[in-house]
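These notes concern the structure reproduced below.
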Amino acid sequence: MELASKYNPADIEQKWYQYWMENGFFSSKPDGREPYTIVIPPPNVTGVLHMGHMLNNTIQDILVRRARMMGKNALWVPGTDHASIATEAKVVNKLAGEGIKKTDLTREEFLGHAWDWTRKHGGIILEQLKKLGASCDWNRTGFTMDEVRSESVIKVFCDLYNKGLIYRGVRMVNWDPKALTALSDEEVIYKEENSKLYYLKYYVAEDDGKGETGAEGEIVHRDAKGRYAVVATTRPETIMGDSAMCINPKDPKNQWLKGKKVIVPLVNRVIPVIEDEYVDIEFGTGCLKVTPAHDVNDYMLGEKYNLQTIDIFNDNGTISEAAGMYVGQDRFDVRKQIAIDLNNAGLLEKEEAYNNKVGYSERTNVVIEPKLSMQWFLKMEHLAKIALDPVMNDDIKFYPAKYKNTYRNWLENIKDWCISRQLWWGHRIPAYFLPQGGYVVAATEEEALKLAKEKSGNQSLTMADLRQDEDCLDTWFSSWLWPISLFDGINNPGNEEIKYYYPTSDLVTGPDIIFFWVARMIMAGYEYEGKMPFKNVYFTGIVRDKIGRKMSKSLGNSPDPLDLIAEYGADGVRMGMMLSAPAGNDIKFDVALCEQGRNFNNKIWNAFRLVQGWEVKDMEQPESAKNAVKWFGHKLNKTIEELEDHFSKYRISEALMTVYKLFWDEFSAWYLEMVKPAYQQPIDKATLDATLNYFETLLKLLHPFMPFITEELYQALKTRDAKDSIMVSLLPKKEDYCNKCLDRMEQTKEIIAGVRNIRAEKGISPRESFKLFYKGELDAKNNSIIEKLANVESIDVTPANGVDGASQTFMVGTIEITIPLANNVNAEEEIKKMEEEIKYLEGFLISVNKKLSNEKFVANAKPEVVANERKKQADAESKIATLKANIEKLK
RNA sequence: GGUCUUAUAGCUCAGUUGGUUCAGAGCACCUGCCUUACAAGCAGGGGGUCCUAGGUUCGAAUCCUAGUGGGACCACCA
């Protein structure tokens with residue numbers, strides 16, 4: 001059957017994925033083999049595939065497919081994350097579109113909608129991963145909120161509570177006024193912003209009207225209304241919450257304010273001036289307004305000096321009743337308005353442009369409000385301690401290692417983790433409040449009731465008397481158990497699966513979640529399994545567009561991965577991703593790389609077309625083919641060795657490039673040309689068999705990178721058993737190879753290239769054959785190959801008196817090759833060329849001689865280095881002599 | 001402000017303990033070819049002050065110092 005000259009991936013990808021699934025090649029059960037385990041970083045359940053996922057999952061698939069083909073029991077566990085805030089926000093939006101407010105629904109009703117949404121959109125991303133070729137064991141698909149995982153989360157919460165590591169209290173937390181929930185520190189992203197610094201007048205209360213000029217250095221502001229202090233603030237809308245003004249006691253310019261009281265502008269409340277060294281004398285005017293309810297540092301001052309805390313914001317970021325003014329208006333509207341009002345009242349001294357950093361919610365992208373509230377916290381000191389050393393001493397290896405620093409830095413400065421969220425979509429906190437106050441923590445209602453009875457001494461309590469905490473847990477409080485909970489290690493400690501698959505082998509993820517997820521998994525791993533959760537962590541880069549911008553929806557610079565797959569094939573896209581993705585570096589993605597991937601697929605396809613068209617005949621194996629077969633065997637083994645080295649260092653893009661060159665340059669451009677019979681001529685059986693075997697080996701080496709085309713050709717190469725597949729075949733083990741043979745072939749290639757070069761220069765057709773002479777140590781083993789590929793009719797030693805007539809020479813190492821050319825030589829040109837080379841060699845010789853005449857060099861350098869220089873010297877001298885002789889002859 | 005990281009061809013990057021394998025690869029580019037597997041191809045070719053300035057050394061892309069320009073993370077700025 002005639003095959004198309006272009007490979008069409010669409011035809012086969014679906015077919016083979018189906019085949020793999022039907023035969024259960026992805027699934028794994030514990031057995032006697034060495035396990036190799038990866039757990040997927042669970043994508044958001046309602047998310048869609050983006051380029052970051054493509055990169056991440058391609059790498060995981062390459063690793064797991066390779067491990068499988070190395071005979072390990074390879075398991076890649078897929079799953080999704082319930083993504084508390086993100087999903088809840090989506091559901092709230094969707095309901096809003098239908099005119100339903102979350103506040104109009106009961107918790108149960110809302111969760112009903114959320115589950116509907118999850119069922120509808122959940123798993124789309126997993127289907128997309130299948131298009132990419134991901135070899136996940138789909139039967140094991142987990143979800144952070146399914147039964148097993150939920151039970152694990154609750155159990156762990158109770159355990160940590162009972163260990164005294166979880167506590168509840170009022171603290172200043174990051175409040176998201178859109179999602180209406182607290183966030184952890186890690187969920188706040190600080191962004192540079194061009195804002196304004198407002199200078200507000202705080203008049204001194206009970207001013208005597210006269211006042212004194214300040215002592216030297218003091219700045220005393222005074223106008224018709226009296227003396228005043230100036231406070232610089234970026235947030236004038238918070239003045240309603242002011243409860244003090246603070247100066248640095250050592251600040252000379254504000255000495256006059258000591259002990260005074262000042263009046264909050266517009267609000268007209270009188271507040272004290274306090275002194276604390278926290279205040280930066282250099283900043284603004286050295287006067288700080290203290291708003292304990294709305295700033296972390298002010299909160300500390302408030303605690304220290306026992307100041308009143310006035311919470312002027314509602315949860316949604318509007319001004320509360322407590323403010324007394326602007327009630328119900330949005331905080332940013334009020335900022336604008338209050339500046340106008342202050343100005344009109346003569347209370348705004350000036351405005352300045354100012355650059356500062358503002359915290360935004362990672363999920364909803366609204367400005368975070370520091371807010372005092374009652375939350376649940378996990379103490380981190382103990383957990384940080386057990387997680388630090390294993391990474392620092394490389395029990396768990398980071399690739400690239402530079403992230404060890406980042407990791408240590410975070411762990412050494414860690415703060416307690418706020419784990420409660422004022423959301424419904426998530427694991428509800430298993431704390432139950434008693435009617436008379438206090439609470440109990442328990443995994444089930446029954447236990448809770450029992451504990452409540454004990455605690456209250458009231459045996460007649462019923463469930464109806466208990467009220468479960470409304471909050472749910474931070475999403476990461478479930479993700480951090482992922483490598484354990486996927487094997488049910490929390491609920492069934494020491495079960496067969498957790499014993500076999502844990503610790504997992506490699507984790508592939510982005511550095512952006514090193515704190516959110518990686519560090520916390522390590523904590524949970526040691527706390528609950530007493531062992532690391534994974535042995536190696538491969539941090540991918542961020543996928544950027546080709547001019548370096550982060551890919552984002554708003555920029556519209558992110559291609560749809562499925563469109564790419566449709567255009568270039570999954571294999572082509574996988575290769576495109578990997579070509580540009582050294583570990584840890586950001587990758588600049590360019591569709592041109594997918595094109596390169598597609599072209600490579602086509603190259604493989606066409607190599608197959610050639611091979612499958614050969615007719616075998618009972619005939620002797622030509623000398624050239626025999627030598628080619630031997631050589632390629634060595635080449636293959638050497639490359640396998642290189643590949644193993646690259647993989648051991650997680651240099652995956654280099655590994656790919658190595659196979660790429662092996663297939664394209666060595667196999668297609670050289671080997672196949674060497675063994676290829678003339679057009680429509682048959683091939684001998686030995687060569688054909690060897691070639692088919694090599695082809696199969698190459699497909700195996702390529703398979704982890706390009707699963708689809710390799711399966712297609714593996715199956716087409718020869719008749720296979722019913723349930724055979726390349727993906728469960730074994731990679732060849734590295735065997736010894738002969739370096740001398742490899743070197744010899746490199747020399748052979750150079751000679752062939754030299755001859756081709758002369759043809760190109762002189763415009764001689766490849767069909768015109770000629771004789772070749774050489775001087776020097778040429779190993780004759782590959783002569784038949786030279787004859788074939790360079791179209792040379794004979795190879796002989798150059799006669800002592802040279803070649804008759806015109807000729808052309810070139811050097812390959814120390815061997816001088818001469819080709820007689822009847823009428824094609826321009827003597828002058830040749831002489832000129834040779835003279836140029838002599839000039840270069842003489843310059844080279846001078847530098848070598850200089851080195852060798854340097855006594856210090858000869859004395860200090862390693863003997864082999866000196867010997868090398870001597871050899872260089874000798875070689876250069878002999879080359880010069882040869883060239884000079886040739887010039888003489890031409891003259 | 002602190003910590004870390006990085007600078008090599010037009011682009012993306014390799015370059016291990018300093019020394020013939022040290023100035024490389026892929027892509028892009030230029031020239032010639034529709035040569036019966038492949039123009040998504042074949043054969044050739046050009047291209048770099050290894051960021052700058054010092055230093056160590058017989059010898060530096062490689063080690064040290066400083067500077068400049070990227071990048072990342074952390075902290076803080078009222």
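Any value given below was found using the heavy atoms of this structure, including those in side chains, with hydrogens, waters and symmetry copies removed. Owing to the predicted nature of the structure, the values given are computational and were not obtained by experimental measurement. Naming: A, B, ... by sequence-line order, numbering from 1 per chain.
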Using the P atoms only, state how far B:C77 lies from B:G10, rounded to an integer number of Å. 45 Å

Protein proximity profile, nucleotides 57-62 of chain B - base contact B, sugar-phosphate-only contact S, no contact -, cut-off 4.0 Å on heavy atoms: -B----

In whole angstrom, give the distance that lies between atom CD of A:Glu869 and atom P of B:U20. 7 Å

Could you tell me if the ring centre of A:Phe398 sits under 6.0 Å from that of A:Tyr403? no

Could you write out RNA chain B as dot-bracket? Rules: Watson-Crick or G-U wobble, both distances under 3.5 Å, brackets [ ] for crossings, | for pairs with another strand, dot for unpaired. (((((((..((((.....[....)))).(((((.......))))).....(((((..]....))))))))))))....

Say you pick atom C1' in B:U49 and the same atom in B:A61; how far apart are they, in whole Å? 12 Å

Roughly how many Å apart are B:G15 and B:C22, using the P atom of each and rounding to a whole number? 14 Å

Write down the distance between CE (A:Met392) and P (B:C4), rounded to a whole number of angstrom. 12 Å

Please state whether the base of B:A37 and the side chain of A:Glu673 form at least one donor-acceptor pair under 3.5 Å? yes

With rounding to whole Å, what would you report as the distance between B:U56 and B:A75 at their C1' atoms? 37 Å

At under 4.0 Å between heavy atoms, what does A:Tyr660 touch on the DNA or RNA strands: base, sugar-phosphate, or nothing? sugar-phosphate

Whether A:Lys603 contacts B:C42 is assessed here as follows: a side-chain N or O lying under 4.0 Å from the phosphate OP1 or OP2. Is that the case? yes

Contact under 4.0 Å: A:Lys676 side-chain N or O vs B:A37 OP1/OP2: yes

Angle class for the A:Trp664/A:Tyr660 ring planes (parallel below 30°, perpendicular above 60°, tilted otherwise)? tilted

Which nucleotide in the list B:A25, B:A37, B:A40 gets nearest to the side chain of A:Lys661? B:A25

Return the value, rounded to whole Å, for the distance between atom CZ of A:Arg598 and atom P of B:A39. 12 Å

Any base atoms under 4.0 Å from A:Thr291, or only sugar-phosphate, or nothing? Heavy atoms, all strands. nothing

CZ of A:Arg651 versus C1' of B:G26: gap in Å, rounded? 16 Å

Take atom CG of A:Asp590 and atom P of B:C13, then tell me their distance rounded to the nearest Å. 12 Å

To the nearest angstrom, the CD1-P distance between A:Ile652 and B:C13 comes to 16 Å

Just call it for A:Trp614: base, sugar-phosphate, or nothing, with non-hydrogen atoms closer than 4.0 Å on any strand. nothing

Find which nucleotide of RNA chain B each of A:Leu593 and A:Ala607 is nearest to by heavy atoms, and output the residue with the more 5' nucleotide. A:Leu593

Contacts of A:Ala753 and A:Glu654 projected onto RNA chain B by closest heavy atom; the upstream (5') one is A:Glu654

Looking at B:C42, I'd like to know if its phosphate oxygens (OP1 or OP2) sit under 4.0 Å from a side-chain N or O belonging to A:Trp670. no

Using a cut-off of 4.0 Å between protein heavy atoms and nucleotide atoms, how would you tag nucleotides 72-78 of chain B 5' to 3' with B, S and -? SSSBBBB

Answer yes or no: are there more than 12 heavy-atom neighbours, outside A:Glu615 itself, under 6.0 Å from its atom CD? no

Indicate, with a heavy-atom threshold strictly under 4.0 Å, whether A:Ala760 touches base, sugar-phosphate, or nothing. nothing

In whole angstroms, how far is the P atom of B:C13 from the NZ atom of A:Lys649? 20 Å

